[in-house]
Amino acid sequence: MRFAAICTLIATLILLGAPAHPAAAADPVLTAKLVDFRPWLGPTNDLTATLHLTNHGSDRLPLSGLQIHVEVFAGPRHRTDLENEFQGHTGQTVWSDTEYLSLPDLAPGESRDVQFDHQAPLSSITFFKTGADDRAYPIRFTAGAGGFTAKPIDTNLLYFTEPQGVAHPLGVALVIPLDAPTAFDAQGRETSRALEQSLVGDGRINRILNALEDSKHAEVTVTMAPSGKFLDDLALMASPAGFTRVTPSGSQAVGPTDPAPQAAAATILRLRSLAARAGVRLLASPYSGAPLPSLVSNGLSGDVKMQVEAGRAQVKAVLGFDPLAGWLLPSGGLLDEATMSQLTALGIQNVVVSPSSLQSVTPPLLTPGADVVLKSLPPLSRQKAQVTSTSVGALVVDDVLSSRLESPPGLNALQVRQRFLAESATILLEQPAHTRSIAVLAPPDWAPDPLVINGVLDALTPTGGSPWMTGTAPDAVVGGASDPPARLVAQNVSDALPQSPGRDYVELLRSARSSLGDFTAIAPPPAIVNELNRRLLVAEGSEWLGRGSAADRGKAFARSVSDGVKGEFAKIQAPRDQLIVLTNRHATIPLALTSGTSYPVWVKVGLESDKLAFKDGVPCHSSGLPSQTTCLTLELKPGAQTVPVKATANFTGSFHVQVDLLTDTSAPAKISTGRLSIRSTAYNVVALALMAAAALFILFSWARGMARRRIALQGAPAGAPVD
């Protein structure tokens with residue numbers, strides 16, 4: 001074998017002519033790039049390829065003796081072999097050939113496409129003729145001319161003998177997230193043009209939609225996962241009222257007929273049209289791509305529900321279609337036990353997860369199926385009691401195959417496409433007799449070259465697609481029979497947690513959520529609450545939390561929630577220093593309240609006094625209020641309003657009553673504070689009345705005594721003693 005390899009090397013050097021003069025690595029004279037190559041071939045296909053040659057030298061490069069050498073290596077038996085080959089360990093040569101071409105010279109700086117054509121079907125080659133296995137064979141093209149040799153081009157030859165396909169094709173559930181950087185700030189002004197740029201021309205969203213809309217892909221089964229924030233930004237950009245754009249020179253009004261609103265409106269229509277296709281699934285995800293385990297671990301468990309429900313709602317509201325019922329794509333595919341319990345309580349039955357969310361992250365030699373059942377492990381103290389643990393169905397993403405959708409340095413789009421096809425074919429050929437499926441999750445910021453995404457969709461097309469795989473849907477994978485059957489996977493890891501956003505960021509989120517809860521308690525219009533809630537959900541997005549991200553923009557969204565609540569609360573005023581004179585022990589106090597809101601609100605009025613008893617209220621029983629505080633709940637309408645409050649005075653003199661306007665919650669928040677200045681003369685009047693009554697009684701008693709004496713004197717005999 002070693003002797004054969006040496007002979008092959010010698011033959012290659014002879015075929016490439018006189019001693020080559022390789023240029024310095026940083027400045028090669030001759031470069032070659034593979035620009036056309038069939039995605040897969042069978043025995044009846046010719047081996048053809050198109051190379052793009054460029055002369056970087058200062059002299060003309062003769063192509064009269066151009067040689068293109070091709071070499072095919074033994075194919076991988078499993079994915080470990082394939083990865084080794086991607087790292088440059090190609091292995092044994094199984095076939096090679098060289099084509100000689102005579103073409104006009106290349107002038108300095110000139111480029112030209114050159115075609116290699118073996119001019120015979122693969123069945124004429126001894127290696128393939130004698131029964132070569134279906135396999136992803138590494139193949140290398142090397143071009144040489146004028147004594148210079150270009151850097152070899154490595155790619156993969158996908159060889160399948162049956163053009164109609166294998167008996168058990170690999171099902172590939174391709175999930176494509178649709179998201180873009182946040183376009184608008186908390187005030188609804190466009191501060192980033194990344195979204196509108198992604199929708200037109202060579203923009204990445206436009207590229208993805210163009211590929212999906214291609215008539216060749218009308219029957220492809222594929223899953224789209226648009227984020228709620230992405231759809232909201234599209235709707236805001238497409239608003240008939242237009243929007244305001246912030247530029248370095250100031251604010252600019254953008255009308256509804258401008259290109260950006262038109263592109264956003266067209267994108268919404270395109271998404272609706274795609275969603276109506278039988279093979280397209282819509283998958284819900286957290287509204288702003290928030291890392292759910294991070295929310296739970298930082299005391300924001302309630303926001304998991306907000307993120308999930310808002311994400312689902314916006315898919316329906318903007319696109320008019322419901323996402324897959326009971327399904328969720330957690331951000332980054334990250335899930336832990338605590339989050340799983342939160343999701344099952346929301347009716348989530350199936351998730352798409354990353355392998356990092358599983359207890360075991362060591363990949364086996366052979367690729368398992370994607371369909372598993374995640375089961376949380378109860379604590380040791382509960383395991384003996386056989387406590388039933390939470391479980392959900394799941395598709396486990398194949399991270400390696402998913403990574404093949406991206407473009408590593410040094411590879412062009414055609415090589416990226418071939419790597420993806422080679423990886424998927426190798427997965428199938430590990431266990432070709434089994435019916436299996438795999439889940440592939442594109443990056444959230446995927447910017448595929450058209451050659452890559454169209455090549456992948458071409459391969460997944462059910463009619464005329466690749467011989468070894470086809471597109472499938474998440475619900476079809478979980479709902480269908482698998483061979484081998486779905487695995488039960490324990491899911492109790494903590495390393496699924498993403499990077500913590502930092503204590504200061506978490507405190508801002510908590511403060512904003514608390515403020516919003518207080519505001520909701522006064523029953524404002526849903527539109528205002530929804531807008532503030534949307535800002536908070538945006539602030540929780542992973543866009544602001546990772547290393548190198550714009551955390552300040554995320555903090556601005558969180559602060560805008562708290563500031564917005566403060567602004568609305570500031571419109572509701574308790575009496576500043578209202579003077580009340582009580583001339584009667586039982587009186588009605590006219591409490592003057594003011595609301596500058598445009599909507600009625602429900603508030604709790606706290607009246608603190610140990611000198612007045614309020615008949616209309618009840619004790620507040622709140623740890624944040626003094627024990628002598630009386631509370632009454634009322635609806636406060638817009639404008640000035642006088643509320644009659646019945647009171648009983650048990651003190652004479654001047655004193656103050658503190659008036660707090662509170663939220664009607666178990667732990668009420670203060671909206672506004674004022675006071676009443678009370679001057680009570682009720683007890684002075686009572687004292688005067690008592691004194692007058694006493695005087696009258698004395699006068700009456702004296703008059704009665706005088707009358708009795710007079711009568712006695714008149715009726716007594718002369719000389720008789722008088723009492």
Side-chain angles (χ1 to χ4, degrees), residues 179 181-188 191-192 227-230 232-233 285-314 328 330-332 334-336 338-343 345-346 444 494 496-522 524 526 528-569 663 665-667 669:
D179 201 4
T182 301
F184 297 90
D185 65 9
Q187 288 70 45
T191 55
S192 168
S227 75
K229 176 181 67 66
F230 168 72
D232 259 352
D233 278 1
S285 59
Y287 176 84
S288 63
L292 300 185
S294 182
L295 292 181
V296 175
S297 65
N298 285 293
L300 292 165
S301 299
D303 283 37
V304 170
K305 178 180 180 181
M306 301 282 188
Q307 286 281 347
V308 172
E309 291 184 345
R312 295 186 63 85
Q314 288 314 109
L328 182 74
S331 305
L334 297 179
L335 191 66
D336 63 358
T339 311
M340 192 165 73
S341 298
Q342 294 280 331
L343 296 182
L346 297 175
S494 59
L497 293 177
Q499 178 186 359
S500 174
R503 180 177 298 177
D504 60 335
Y505 203 109
V506 172
E507 287 305 317
L508 277 175
L509 295 178
R510 288 176 179 166
S511 177
R513 177 55 67 194
S514 177
S515 296
L516 186 52
D518 293 336
F519 182 58
T520 304
I522 69 172
I528 300 178
V529 176
N530 292 342
E531 170 57 24
L532 293 175
N533 189 59
R534 185 192 70 82
R535 295 183 197 175
L536 181 51
L537 296 180
V538 171
E540 293 171 345
S542 54
E543 183 177 358
W544 325 111
L545 308 183
R547 289 187 176 90
S549 59
D552 287 345
R553 286 192 65 198
K555 290 179 179 179
F557 276 98
R559 290 193 187 98
S560 75
V561 176
S562 299
D563 292 344
V565 171
K566 289 177 183 177
E568 291 299 297
F569 279 177
T663 57
T665 55
S666 57

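Every heavy atom of this structure was used, including side-chain atoms; hydrogens, water molecules and symmetry mates were not.
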Evaluation steps, side-chain contact (heavy atoms from CB on, under 4.5 Å), between Asn298 and Tyr505: CA-CA 10 Å; Asn298 285 293; Tyr505 203 109; over 6 Å; no

Gln342 side chain reached by Leu295 side chain, heavy atoms, under 4.5 Å: no

Short side-chain to backbone donor-acceptor contact, Ser542 and Gly289, under 3.5 Å: yes

Minimum side-chain heavy-atom gap Leu516-Thr520 below 4.5 Å: yes

Any donor-acceptor pair under 3.5 Å from Thr663 side chain to Ala669 backbone: yes

Donor-acceptor pair, side chain of Thr339 and main chain of Leu335, under 3.5 angstrom: no

Residue from Asp303, Asp232, Asn533 passing side chain to side chain donor-acceptor pair (under 3.5 Å) with Tyr287: Asp232

Validation row: Leu343, Leu292 side chains within 4.5 angstrom (heavy atoms): yes

Stepwise salt bridge (charged side-chain N to carboxylate O under 4.0 Å, His left out) test for Arg503 and Glu507: CA-CA 6 Å; Arg503 180 177 298 177; Glu507 287 305 317; over 6 Å; no

Polar contact flag, side-chain donor to acceptor under 3.5 angstrom, Thr191-Arg553: yes

Pairs under 3.5 angstrom only: tabulate donor-acceptor contacts from the side chains of residues 561-569 to other protein residues two or more places apart or in another chain.
from   : atom 1 : to     : atom 2 : distance (Å)
Glu568 : OE1    : Tyr599 : OH     : 2.5
Glu568 : OE2    : Lys571 : NZ     : 2.9

Contact check, side chains of Glu543 and Lys229, non-hydrogen atoms, under 4.5 Å: yes

Donor-acceptor contact present, side-chain Ser288 to main-chain Glu540, <3.5 Å: no

Polar side-chain atom of Ser560 near backbone of Phe557 as donor-acceptor pair, under 3.5 Å: yes

Beyond-backbone contact of Pro524 with Val529, side-chain heavy atoms, under 4.5 angstrom: yes

Derivation and outcome, salt bridge (charged side-chain N to carboxylate O under 4.0 Å, His left out), residues Arg534 and Glu531: CA-CA 5 Å; Arg534 185 192 70 82; Glu531 170 57 24; 3.2 Å; yes

